[in-house]
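Data first, discussion second: the structure below is written as structure tokens.
A quick note: this is a predicted structure, and the numbers were derived from the prediction, not measured. Each chain gets a letter, A, B and so on, in the order its sequence line appears, and its residues count up from 1.
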Amino acid sequence: MNSAIRRLAVAAMILMLALMANSTYLQAFRSNEINGRNDNNRVRDSQFSVNRGPILIGNTPIAKSDPVNDRFKFQRTYPSGPVYAPVTGFYSYLYGRGGIELTMNSELNGSDPSMAFRRIIDVISNRPQQGGSVTLTLNAAAQQAAYNGLAGKIGAVVAIEPKTGKILAMASRPSYDPNLLAAHDSNKVGTAWKNLNAAKEKPMSNRAVQELYPPGSTFKLVTAAAALSSGKYTPDSKVNSPAELPLPQTTVPLVNEDGKNCGGSNSATLTVALRYSCNTAFGTVGMALGADALREQAAKFGFGARPLTELPAVATSQFPADPNEPQTAQSAIGQFDVQATPLQMAMVAAGIANKGEVMKPYLVQSVKTPDLKTVSETKPESLHQAVTPEVASQLTAMMLDVVNNGTGKPGQIKGVQVAGKTGTAQTSKDRPPFAWFTAFAPADDPKVAVAVLIESANIPRDDIAGGKLAAPIAKSVMEAVLGQ
Amino acid sequence: MSIASTSVIQIIPRTRRGVELLLLVIAIAVSVGAYVNIGITVQNSVPASTGYYAAGIGLLALIAHLVLRYRAPYADPVLLPCAVLLNGLGVAMIHRIDLGLAIVAEARGKMPKAAAASQQITWTAVGIVLFVVVILVVRDHRRLQAFTYTLGLGGLVLLVLPLVPGLGANVNGAPIWIRIGKMSFQPGEFAKVALVIFFAGYLVVKRDVLTLAGRRFLGLDLPRARDLGPILIAWLASLGVLVFESDLGSSLLFFGLFLFLLYVATERAGWLIIGGVLFVGGAYFAYMTFGHVHRRITDWLDPWAIDGGQIKLGLMGQAWGGVLGRGLGQGHPEATMYANSDMIISSFAEELGLTGLIAILLIFTLIIERGLRTALGCRDIFGKLVATGLAMSFALQVFVIVGGVTGLIPLTGLATPFMALGGTSLVANWAIIALLLRISDQARRPQTPAAPVSDETIAMAVQKQ
């Protein structure tokens with residue numbers, strides 16, 4: 001009988017060990033997965049009760065947590081909500097997070113492994129968990145100028161420091177107020193969320209990085225770069241530039257915006273072609289270089305890769321995979337299936353400004369613990385040498401000519417040499433074209449590169465052109481950075 | 001008897017009551033520490049009720065200890081401190097969930113419910129009174145054998161009591177309660193004790209025929225067909241509990257206990273296999289036929305499918321606890337339904353983490369293994385079987401409920417012994433511990449060639465004929 005009891009004792013022990021093994025699996029190995037579930041209110045509640053760190057520009061918070069007297073203990077507030085919303089994102093109990101609030105969540109709530117030491121100290125000293133702060137690269141004056149410039153329009157602005165890749169401004173309008181989503185009254189938050197998502201103008205979309213647009217004539221910078229890099233062209237090379245360029249395999253010719261030839265001649269230099277933004281000239285160059293050369297050049301500027309990892313849902317700019325000849329001509333002038341974000345076009349300008357070297361754009365300057373010890377500091381990183389310094393300086397000269405003598409005149413700044421390129425991208429007959437302007441300044445020692453995109457504005461259609469509509473905004477942003 | 005063939009347990013002539021007292025002091029210190037910790041964390045102050053709580057638990061434990069010291073001096077010194085610790089921690093956690101629920105109620109502008117912890121302390125007192133009564137009244141466990149069939153019948157009546165119209169009450173989907181006036185009562189908890197004694201008494205008489213008759217088949221000793229009767233009756237009864245009372249846990253518990261005792265009495269593994277096959281068949285039939293059984297299984301297979309499901313919320317709590325836990329008072333155990341009863345293990349896992357949960361499981365393991373050790377040391381077959389049954393009832397109960405809460409097996413409504421909110425279960429478990437201690441006192445007592453014992457042995461031998 002005793003041997004049977006002993007066997008039962010072993011069996012009972014096995015049952016208990018099975019419980020312990022299963023719990024170990026659950027609590028030690030599966031806990032991260034379960035804690036990460038969207039429907040996990042416990043984790044959300046507790047994160048909402050954490051003193052979440054601020055998002056800073058310099059020493060000024062653009063997102064912070066204020067103590068309040070309700071069950072969450074802290075209220076997230078955004079002092080200039082809509083201005084920075086595309087970057088900060090929102091922090092909502094019901095709808096999760098967006099922007100930096102999402103991507104830097106573990107740093108902001110203090111749960112990041114890099115802050116483990118600090119957390120242990122907190123636990124031992126019985127202090128509540130406190131999050132770290134995230135300082136951004138944004139320049140407050142430039143951001144405000146970009147936001148103000150977009151007033152009444154649908155569009156986006158990105159400004160970059162060419163030498164480092166620091167993003168100085170990232171604005172998108174119409175914007176939204178993240179304070180509405182961070183409120184603790186779930187009914188109000190629910191209504192705000194519904195309205196924002198139902199709005200036709202998509203206020204919650206960050207147009208600077210999340211939406212793709214045909215870059216139009218601003219893409220001629222890439223085509224020009226490919227042409228100069230090929231060694232077959234110089235800025236003074238004459239190219240065929242009639243009013244209408246017949247395209248092979250199709251009866252639809254490529255035409256210039258104004259319906260005339262380029263600068264009064266059917267054959268213009270590359271410089272002149274860029275000055276007047278001649279479609280026929282760049283269509284000719286594009287066909288001569290071929291789609292592969294264009295795609296390669298585009299990739300060196302960042303096309304085909306996700307340009308920014310610090311924000312969610314960043315779109316990848318694209319050059320078409322396999323265009324035929326007329327499609328290649330269209331692509332060379334930024335039409336057909338060429339797609340780019342404003343950030344990508346700012347990277348093109350910044351690359352040319354930085355002697356041909358494209359830096360990896362970044363938004364987060366540093367992460368600090370609550371007691372202001374630096375956890376991490378972002379170092380500039382090179383992406384590609386897109387063009388040689390010689391080609392870069394040739395392109396710079398051509399872009400200076402655009403602003404000084406051509407379509408980019410509205411981008412001129414008194415006493416500063418501005419290099420730029422306009423663009424007007426057609427989408428379909430029944431909607432207004434997109435207006436683009438990308439530029440950098442000062443041309444001899446670039447401090448800022450900028451891209452402006454206007455999807456639509458309340459002005460007559462004929463007035464929509466990159467130069468008229470987008471250049472003044474770029475100008476004000478550059479002025480803000482240069483301190484003018 | 002086959003005792004001659006098994007190893008002889010060395011009898012320790014020391015009573016070890018001093019050790020018990022020391023362990024009790026530690027158990028009470030840990031419980032009161034938990035209580036104070038919760039107060040400081042949740043309310044920023046030592047709870048005003050600390051004195052009441054400490055004095056209550058301390059006094060009850062002391063009474064239990066003194067009764068053992070004078071009426072069962074050779075009883076196992078570990079069982080009582082383990083039970084007190086589990087009970088004390090249970091009350092502390094129930095108090096913690098009271099506080100959590102009060103905060104939630106306040107946030108919603110509602111009145112908080114009455115404190116469940118003080119209820120549980122009252123029930124602890126009742127439980128320990130019953131403990132004392134059992135120790136004092138049952139001077140020798142062998143006397144219980146005389147009530148074999150009475151207790152068998154009593155157990156059966158207790159089992160079907162909830163099905164009596166007007167008496168039964170459906171709590172949380174399982175009609176395993178009865179309600180008399182304001183009091184509700186879970187008769188299955190006591191049926192468990194009665195049936196273990198019945199099984200033991202019955203098997204003492206029948207073991208020879210169950211052991212010896214039958215033939216070998218495929219290396220297994222199979223019983224005769226007509227000896228299958230009792231196991232089939234037990235099987236049908238447990239299926240009845242499952243079908244009519246929707247109580248998967250109790251069904252498994254009763255049938256499992258019967259099988260284990262049958263196995264210990266006969267030492268024939270064949271019974272376990274027959275029983276196992278019967279149980280799996282019955283369970284499969286129930287799964288195919290009954291909606292509530294089916295639902296339990298699907299909930300278990302995919303706990304994430306149901307919004308706000310009990311298992312899902314419990315698993316989230318446990319995951320949130322992680323290895324070291326959120327700390328007492330720093331989690332949200334109240335976010336889980338039935339956090340202080342069915343899911344109390346999940347509440348502990350959340351606030352004390354895997355570490356705390358394993359500590360609790362080890363205390364249960366200690367109780368189980370000390371109970372089985374008592375069975376090993378016991379000198380009479382009846383006592384061996386009763387002790388085995390009682391110890392294994394802890395094992396099965398802990399496995400079924402903790403396994404259910406942690407997602408190892410489908411969740412069924414069994415109470416976590418000593419910890420879960422609920423008077424009947426607590427009181428019944430105190431009675432079980434008292435019985436185990438009574439048997440262990442007999443088992444560990446120095447053997448004296450006293451005449452009354454041999455009289456009883458003769459009586460038993462006669463009865464067996």
Side-chain angles (χ1 to χ4, degrees), chain A residues 1-50 68-73 111 116 119-120 122-124 126-129 184-186, chain B residues 1-3 5-7 9 103-104 107 260 263-267 269 304 307-308 312-313 315-323 326-327 330-332 335 349-350 353-354 357-358 361-362 364-365 368-369 372-373 375-376 381 384-385 387-388 391-392 394-396 398-399 402-403 406-408:
Chain A
M1 233 170 151
N2 276 3
S3 63
I5 296 174
R6 285 208 178 84
R7 274 186 216 115
L8 277 190
V10 172
M13 188 65 95
I14 290 171
L15 289 184
M16 295 301 125
L17 286 175
L19 291 179
M20 293 178 204
N22 182 57
S23 285
T24 305
Y25 171 60
L26 178 68
Q27 294 190 268
F29 298 102
R30 270 185 74 198
S31 55
N32 278 346
E33 168 213 325
I34 296 173
N35 288 339
R37 290 180 60 88
N38 282 331
D39 54 355
N40 198 329
N41 292 354
R42 231 185 219 91
V43 177
R44 263 196 297 185
D45 272 9
S46 97
Q47 290 193 344
F48 255 71
S49 308
V50 164
V68 288
N69 215 350
D70 65 16
R71 75 180 171 122
F72 295 126
K73 301 191 182 89
S111 68
R119 207 162 58 244
I120 291 167
D122 282 348
V123 168
I124 292 169
N126 208 19
R127 266 183 307 188
Q129 185 177 328
H184 291 179
D185 179 335
S186 56
Chain B
M1 277 207 350
S2 55
I3 281 191
S5 67
T6 58
S7 64
I9 304 298
I103 291 170
V104 172
F260 289 147
Y263 169 63
V264 171
T266 62
E267 293 195 291
W304 308 109
D307 206 31
K312 171 169 149 177
L313 291 172
L315 290 178
M316 282 175 174
Q318 291 163 60
W320 188 224
V323 174
R326 310 308 303 177
Q330 297 185 41
H332 284 283
E350 178 172 356
L354 176 64
L357 178 63
I358 286 187
L361 289 175
L362 285 176
F364 277 119
T365 311
I368 296 160
E369 301 293 341
L372 290 170
R373 193 192 161 77
L376 281 177
I381 302 170
K384 270 183 188 303
L385 289 174
T388 305
M392 287 310 286
F394 276 115
L396 277 178
V398 170
F399 180 74
V402 178
T406 55
L408 185 61

| Side chain, backbone, both or neither of A/Ala18 within contact of chain B (heavy atoms, under 4.5 Å) |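 Interface part for A/Ala18: both.
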| field | Heavy-atom contact with chain B under 4.5 Å, split by part of A/Asn22 | value |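 Side chain only.
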Go through the atoms of [X] and report whether side chain, backbone, both or neither lie under 4.5 Å from a heavy atom of chain A.
X        : result
B/Thr406 : both
B/Ala349 : both
B/Met316 : both
B/Leu357 : side chain
B/Leu315 : both

Let me confirm one number: the [atom1]-[atom2] distance from [X] to [Y], rounded to the nearest 0.5 Å.
X       : Y        : atom1 : atom2 : result
A/Leu8  : B/Ile368 : CG    : CD1   : 11.5 Å
A/Leu15 : B/Thr365 : CG    : OG1   : 10.0 Å
A/Arg42 : B/Arg326 : CZ    : CZ    : 10.5 Å

| query | In terms of heavy-atom pairs under 4.5 Å with chain A, which of B/Ala265, B/Gly321, B/Gly353, B/Gly407 leads? | reply |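 So the answer, after comparing B/Ala265, B/Gly321, B/Gly353, B/Gly407, is B/Gly353.
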| message | Tell me which of these, B/Phe260, B/Phe364, B/Phe394, has more heavy-atom pairs under 4.5 Å with chain A than the rest. | response |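 Counting heavy-atom pairs under 4.5 Å, the top option is B/Phe260.
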If I compare all heavy atoms of [X] with all of [Y], which pair ends up nearest, and what's the gap?
X        : Y        : answer
A/Ser31  : B/Ala319 : CB-O, 3.3 Å
B/Ala375 : A/Ile5   : CB-CD1, 3.9 Å
A/Ala28  : B/Val323 : CB-CG2, 3.7 Å

| Can you check side-chain contact (heavy atoms from CB on, under 4.5 Å) on B/Val402 and A/Met16, steps first, answer last? | CA-CA 9 Å; B/Val402 178; A/Met16 295 301 125; over 6 Å; no
Does any non-hydrogen side-chain atom of [Y] lie less than 4.5 Å from one of [X]?
X        : Y        : answer
B/Val264 : A/Met1   : yes
B/Trp304 : A/Ile34  : yes
A/Gln27  : B/Ile358 : no

| Would you say the side-chain atoms of A/Arg6 pair up with the backbone N or O of B/Leu376, donor to acceptor, closer than 3.5 Å? |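 Between the backbone of B/Leu376 and the side chain of A/Arg6 there is no qualifying donor-acceptor contact (under 3.5 Å).
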Looking at [X], I'd like to know if its [atom1] atom is crowded, meaning that more than 12 non-hydrogen atoms belonging to other residues, nucleotides or ligands lie closer than 6.0 Å.
X        : atom1 : result
A/Tyr25  : OH    : no
A/Asp185 : CG    : yes
A/Met20  : CE    : yes

| message | So which residue, A/Asp45, A/Thr24, A/Leu17, A/Asn41, ends up with the most heavy-atom pairs under 4.5 Å with chain B? | response |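 Of the options given, most contacts go to A/Thr24.
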| Taking A/Ala21, A/Ala9, A/Ser49, A/Ala12 one by one, which has the highest count of heavy-atom pairs under 4.5 Å against chain B? |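 Looking at each option in turn, the highest pair count goes to A/Ala9.
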| query | Does the side chain of A/Ser23 come under 3.5 Å of the side chain of B/Gln318 through a donor N or O and an acceptor N or O? | reply |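 No - no donor-acceptor pair under 3.5 Å links their side chains.
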